[in-house]
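Chain A is the first sequence line, chain B the second, and so forth, proteins listed ahead of strands; every chain is numbered from 1.
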Amino acid sequence: MISLSDNALAARVARDIPDGSYVNLGIGKPTHVSAFLPEGREVIYHSENGILGVGPTPPAGQEDVELIDASKRFVTAVPGAAYFEHADSFAMMRGGHIDIAVLGAYQVAENGDLANWATLDEKYPPAVGGAMDLVVGVPTILVMMRHVNRDGSPKLLRRCTFPLTGLGVVSRIYTDLAVLDVTPEGFRLVELTPGNSLSEVQALTGAPILHPMPT
Amino acid sequence: MISLSDNALAARVARDIPDGSYVNLGIGKPTHVSAFLPEGREVIYHSENGILGVGPTPPAGQEDVELIDASKRFVTAVPGAAYFEHADSFAMMRGGHIDIAVLGAYQVAENGDLANWATLDEKYPPAVGGAMDLVVGVPTILVMMRHVNRDGSPKLLRRCTFPLTGLGVVSRIYTDLAVLDVTPEGFRLVELTPGNSLSEVQALTGAPILHPMPT
Amino acid sequence: MDKRLPDLAAAVAPITDGAVVMIGGFGSSGIPFGLIAALLEQGASGLTVISNNAGAGETGIATLLKAGRVAKVICSYPRTPGSIWFERRFEAGEIALEVVPQGTLAERIRAAGAGLGGFFTPTGYGTLLAQGKETRIIDGVGHVLEAPLRADFALLRAERADRWGNLSFHATARNFNPVMAMAARHAVAEVRQLSDEPLDPEQVVTPGIFVQAVVEYGVRP
Amino acid sequence: MDKRLPDLAAAVAPITDGAVVMIGGFGSSGIPFGLIAALLEQGASGLTVISNNAGAGETGIATLLKAGRVAKVICSYPRTPGSIWFERRFEAGEIALEVVPQGTLAERIRAAGAGLGGFFTPTGYGTLLAQGKETRIIDGVGHVLEAPLRADFALLRAERADRWGNLSFHATARNFNPVMAMAARHAVAEVRQLSDEPLDPEQVVTPGIFVQAVVEYGVRP
């Protein structure tokens, strides 16, 4: 099995972000997508803590401690950026103004249900952040994750077992092994990481993968 | 009967506006109150079209056509002023942040009901503006009006006959003839315009006026 | 990304018959007079206009009413002194009217822009304007349930814009323009000055994400 | 009218045991570290803290949790890396926790500040966080009814203030500070710089009407 590196996966997602999009990158690995945007595209990154136009990490020593993204990383602001307060920021998310969100996930179900905020560990305090607002408002939700858990168990399932973030919200899933669309019929293969076979990937997936689209 | 002039009435209302208040002056005659504020008091005037810190009329020729108040008069901005949009402006009103509003009225009832936006003339299009938001949010609603209609009929009533702006919202009424408080028992005399008697004013009022407070 | 358009006609070209159009402004300030004139020229009719006022004299929204382009007005205060064209159309039964308390109008527009399904407000409880609406007592106070109000287009007036569509405003010309930008599928702003430089991100009032096109119209009425 | 106070201690003096206190900030930006330190010193306990996070390391809200001053936390994300004091108090059952989706948290705070009785939002519909709440299908989409969230006090961080309490902010330090100013009975802001001159009225982000006191705390963390 060929498993994409985190950087290669971020680059694969970046390829699908159209020029001129408003994009929210979820905390963690999705924040790396912007570093791999193909040349010639202008994409405006939104961070829910109050900035449109998130730019790259500043050089060491030039950080502004009050200019951070939702992952609490130091960032910069690109030309054309704007700052705003939280209610306005979430109006952008909930109100359908952001085009694309890229999120991590614990589990995705074949009906598009997403679980990415809580496990079943009751001792661990729940922490939801802004994910529930993103998934109800952003029309295209891309999930970016490892195909399986560390113990090899599938994260792509018929139904989620962890508490849901949103119902039927995921459009497409990018994993280290394959790219899958969520369709009314279930998961449909978009592409395999070169070198992998559908049967290999199916064996690591907890729900049927439909035949790829004819190409 | 002694009837205060509009200016004298505005000055009488102004006397009761405490230093440091945030005040909204309704369209029409209430806008004149600010001209009569006693020396030494700093009051911040709010206009619902998006300004805190409304200042006096500008000198002729120095008007800014995009700096107006809710009566659509040209105004100025005092030091410490702020501009904002409509949803924020009405958050100030509805959310209880403004201390006092001074409004005109068609009718006020002894239970504090206010009618100041529509008559019973069905051919005349209704126009409500911001009065309904003011009366639900501002803790002290002062009404400033003539004591009677042009035909001599009372505007202070047991119950309003015109469509209501708000229920039980009026604190005090300033007319050309008297000042009355709305109390749980009904209208109570605060003061008579010097020269008038309670019986004269009672005869022009459509509800009982309770004995004045002992002085 | 460059949202700047060459002229007012291009800005109003997408507006079709029967469209729901929000128009910024309060009294005479913050009204997109250039865009309204272009819309009159363009010819779309059967419009629903959402605005605070309904035009005065022979200017602004009154020109659309005079020309018979408006089927319905949703506003708080149609009776600005000199609103003769609104009054004529209203008296003749030629236009529908929905009167909304001004703060509820702003908040319904914001709710649409913010993706909310509605809200309870104390404004208007117990009055004619609450008739037929769901009500509820919350913490002892009567409230009315109000629905979000969205539009196909918004015509806005701003002071400055950059190519990303970021807007700043001048004095009380701000009024309904920022919330209307949020609530329309396609928001267009005429601005006194298009800026070649980006606006200062601290001073942007309406972020460009809410604005689909900007066009310069240098006149300040 | 002069809302400037001489020191942080004066700013937190009115806070009593059992008070509901909103605290601005997101991650490490926009947190009123000076006011929090003064509140720790002042000694009020049994507090309900409303904030996006629950402190990290040994700073900010974590210092209040460590000292046992907090009875309840209402937040969206208590699990910032290094939130050891929140985790200890939570595991020991010593504090109550209400987790609210971040946008719903901001909107509930705004609703309180704007005098609304509640709102329907699609956020959280069908999830654990909607359990026990009223729901409704609006235009085919599931919504949850959320209530306004108000406070006795708000502790805010801003960049500049004038004597009228007008505030401006720096970069992403804005976050929850403006809505919290609206929703508290008594809002206090520590600012990097108190200005002798009034702020430019076009550049005021939080108008002074929402702010009861301002105090200078020049450190930018």
Chain A interface, residue from D/A54, D/S83, D/P122, D/G27 that has the most non-hydrogen pairs under 4.5 Å: D/P122
Shortest non-hydrogen contact from A/P126 toward D/P78: O-CG, 3.3 Å
A/R94 side-chain N/O to D/G103 backbone N/O, donor-acceptor pair under 3.5 Å: yes
Which portion of A/Y83 sits near chain D, non-hydrogen atoms under 4.5 angstrom: both
A/N49 CG to D/R174 CZ distance, which is reported to the nearest 0.5 Å: 12.0 Å
Per-residue contact mode, D/N53 against chain A (heavy atom under 4.5 angstrom): side chain
Leading residue by heavy atom contact count with chain D [cutoff under 4.5 Å; candidates A/A118, A/G129, A/S71, A/A115]: A/G129
Proximal component of A/A70, with respect to chain D [non-hydrogen, under 4.5 Å]: both
D/S28 OG to A/F74 CZ distance, which is reported to the nearest 0.5 Å: 6.0 Å
Which portion of D/F176 sits near chain A, non-hydrogen atoms under 4.5 angstrom: both
Proximal component of A/L114, with respect to chain D [non-hydrogen, under 4.5 Å]: neither
Distance (rounded to the nearest 0.5 Å) between A/F90 CZ and D/T121 OG1: 11.0 Å
D/N175 side, atom CG; A/F84 side, atom CZ - distance, nearest 0.5 Å: 11.5 Å
Residue A/T165 versus chain D: region with a heavy atom under 4.5 Å: backbone
Aromatic ring pairing D/F26/A/H86, orientation class (parallel under 30°, perpendicular over 60°, tilted between): tilted
Residue pair D/P178 / A/E85: nearest heavy atoms and the distance that separates them: CG-CB, 3.6 Å
For D/T127 against A/M132, the heavy-atom pair lying closest together: OG1-CE, 3.5 Å
Shortest non-hydrogen separation from A/G130 to D/Q102 and the atoms involved: N-NE2, 3.5 Å
D/T172 side-chain N/O to A/I68 backbone N/O, donor-acceptor pair under 3.5 Å: yes
Chain D contact via A/D113 - side chain, backbone, both or neither, heavy atoms under 4.5 Å: neither
Part of D/F86 within contact of chain A (heavy atom distance under 4.5 Å): side chain
Atom group of A/L167 that falls short of 4.5 Å from chain D, counting heavy atoms: side chain
D/V100, part contacting chain A, at a heavy-atom distance under 4.5 Å: backbone
Heavy-atom proximity to chain D below 4.5 Å, by part of A/V128: both
